[in-house]
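Note: hydrogens, waters and symmetry copies are ignored here, and every other heavy atom, side chains too, is used.
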Amino acid sequence: MSGRTRPAVRPGGAAAVVLGVLALVVFALTASRGVSSVDVVSVDLGSWRIATTGSPWLDDVRPDQLPAKPARDELWTTTNADNGHEVVARSVGAVLVAVPAYWVADRLFPGDRDRLPLRPGGITAAVLAALALVLLLRSLAGQVDGRTLVLAGCALAFTTPFWSIVGHDLWPHALTVLGLAGMAWASSGRRWWLAGLFGGIGLLGRLHFAFLVAAFGLVLAWRHRDPWVAVRVAGTSLPFVALSSLCGRVLYGSWNPNAGYRMGELSGWAQTQDALDRLTGLLGLFFSPGVGLFVWTPALLLVLPAVVRSWRGLPAWTTALLAGAGVYLAVQWWLNPFDGGAAFWGYRITVEAVVAAFPAVVLSVPRMGAAARRLLPAVLGVQLGVIALGAIAGLGILTDDAWHANAVLHALRIAPAVVVAAVLCGIALAYCVRGLVRQLPDAWLDPPVGCDAELVQTG
């Protein structure tokens with residue numbers, strides 16, 4: 001024996017890939033075909049212009065090339081300070097990531113070249129969401145049994161806004177969630193430089209994602225008593241800030257890395273909030289009828305006590321992700337209205353927190369109480385029916401008054417039979433999936449044989 005070591009094979013990876021492919025099919029089939037939001041259409045417009053003309057400028061875009069709604073003057077645009085050209089004012093990462101899809105669509109369907117299609121943007125979101133799901137599951141492969149891994153992946157993918165927002169439309173969350181998933185996967189194998197690289201991808205979606213990456217690196221360094229962990233994370237994530245600055249210079253005539261996001265408007269909103277507004281906004285993130293985290297995903301309340309009981313035994317990288325998500329959520333709460341806007345189904349501002357908590361939640365499942373275990377399938381079934389209703393039908397929140405309205409209740413008043421049927425089908429499907437996964441042969445699930453820290457000798 002030479003004494004060389006290599007990480008043990010981490011079983012469960014095959015199940016992660018299969019579930020990722022399933023999610024990709026579902027997300028792609030249900031991805032937005034119509035106008036969902038001013039934000040999304042603006043991103044799609046920027047990607048389409050670059051792919052079809054090689055230029056980001058919008059000066060010669062005609063109204064008949066755009067969807068009837070939103071109106072041309074309602075889109076998020078700004079003016080380049082150097083040359084006066086009009087350009088989309090959205091996250092540069094979200095705009096650039098869909099350029100390949102629009103380039104392919106332009107070559108495959110040249111007859112549609114003169115009108116903005118929305119489908120390529122939705123397909124891009126579906127691909128990124130499916131990839132993020134695979135990375136998240138791969139981060140846990142070998143640490144939980146295969147059945148738990150599959151069921152947990154199904155719960156995240158299909159019973160939360162991971163489907164109705166991240167995999168449905170090209171929001172900046174497609175990049176922030178991909179960044180989080182990549183950070184989880186890389187850090188589960190102690191590849192800190194790769195974790196920083198994925199963190200950089202996330203901040204291309206939203207620049208203040210950098211706060212999450214910074215907190216993540218610092219907590220990891222503290223937990224491992226190794227400052228070089230934070231240095232490695234920072235070393236591969238900070239270049240993306242420079243990249244954002246360079247893009248800002250080219251597109252907007254400014255070296256400000258956030259020049260395209262019209263931060264002046266957001267900061268202006270933040271400055272008008274008093275202490276009561278801040279308190280109601282904080283509570284609204286979690287409990288408002290319209291976008292409350294625990295209103296749309298009550299299953300988290302069942303698992304939360306188990307996470308608390310498991311806290312001391314959780315891997316450092318899982319708690320570092322949660323710490324980073326807490327910092328990021330605080331920044332989100334300070335900068336953005338808690339409702340996150342309109343024309344989407346579920347919640348937007350807290351979706352990164354759910355993804356960041358996923359590894360810790362899954363590893364805590366074995367410590368759930370008996371009553372919570374019995375309730376969990378039914379609650380997830382209700383969530384499945386509700387999320388599927390919006391994702392498949394392309395529904396969105398119809399009001400900005402998130403404290404006094406709920407999109408599901410609104411739909412229930414309009415079409416009660418459809419909503420009730422969706423919920424009942426969701427519950428039935430949840431129990432069927434649980435029963436099916438329990439009956440699968442062990443070999444199909446690629447069951448774990450050890451944790452990711454295990455080392456084997458090689459000759």
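Here E74 pairs with nothing under the side chain to side chain donor-acceptor pair (under 3.5 Å) rule; sequence neighbours left out.
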- Message: As a quick check of understanding, evaluate side-chain contact (heavy atoms from CB on, under 4.5 Å) for I165 and W345, giving each step before the final call.
- Response: CA-CA 7 Å; I165 291 178; W345 188 258; 5.7 Å; no
- Task: Please assess F27 against L24 for the test side-chain contact (heavy atoms from CB on, under 4.5 Å), listing each intermediate value before the final yes or no.
- Result: CA-CA 5 Å; F27 294 165; L24 174 59; 5.6 Å; no
- Where do V365 and V144 land on the side-chain contact (heavy atoms from CB on, under 4.5 Å) test, with the steps shown first? CA-CA 10 Å; V365 165; V144 295; over 6 Å; no
- L135 and S139: side-chain contact (heavy atoms from CB on, under 4.5 Å), yes or no, with the steps? CA-CA 6 Å; L135 291 173; S139 74; over 6 Å; no
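Aromatic pair W185/W317: centroids not less than 6.0 angstrom apart.
Between T319 and R223, the side chains place a donor N or O and an acceptor N or O closer than 3.5 Å (distance only, hydrogens not considered). Defined by atom type and a distance below 3.5 Å, a donor-acceptor pair is missing between the side-chain atoms of T176 and W171. A side-chain donor-acceptor contact under 3.5 Å links D145 and T148.
In this structure a side-chain-to-backbone donor-acceptor pair under 3.5 Å is present from W333 to R278. Between the side chain of R434 and the main chain of L429, no donor-acceptor pair closer than 3.5 Å is present.
Atom NE2 in H85 sits 14.5 Å away from atom OH in Y252 (nearest 0.5 Å). Atoms CG and CG, on L175 and L170 in that order, are 7.5 Å from each other to the nearest 0.5 Å.
Looking only at side-chain heavy atoms (C-beta outward), T297 and V379 stay at 4.5 Å or farther from each other. In this structure the side chain of T236 never reaches within 4.5 angstrom of the side chain of L194, judged on heavy atoms. Counting heavy atoms from C-beta outward, T30 and W163 have side chains that approach closer than 4.5 Å. Counting heavy atoms from C-beta outward, D226 and L220 have side chains that stay 4.5 Å or more apart.
Using cut-offs of 30° and 60° on the angle between ring planes, the pair W403 and F338 is tilted. Using the six-membered ring where Trp is involved, H208 and Y328 have ring planes that are parallel, under 30° apart on the 30 and 60° scheme.
The pair D339-R348 does not count as a salt bridge, with every side-chain nitrogen at least 4.0 angstrom from each carboxylate oxygen.
Cation-pi geometry between R232 and W193 is not met: the NZ or CZ atom fails to fall both under 6.0 Å from the ring centre and inside 45° of the normal.
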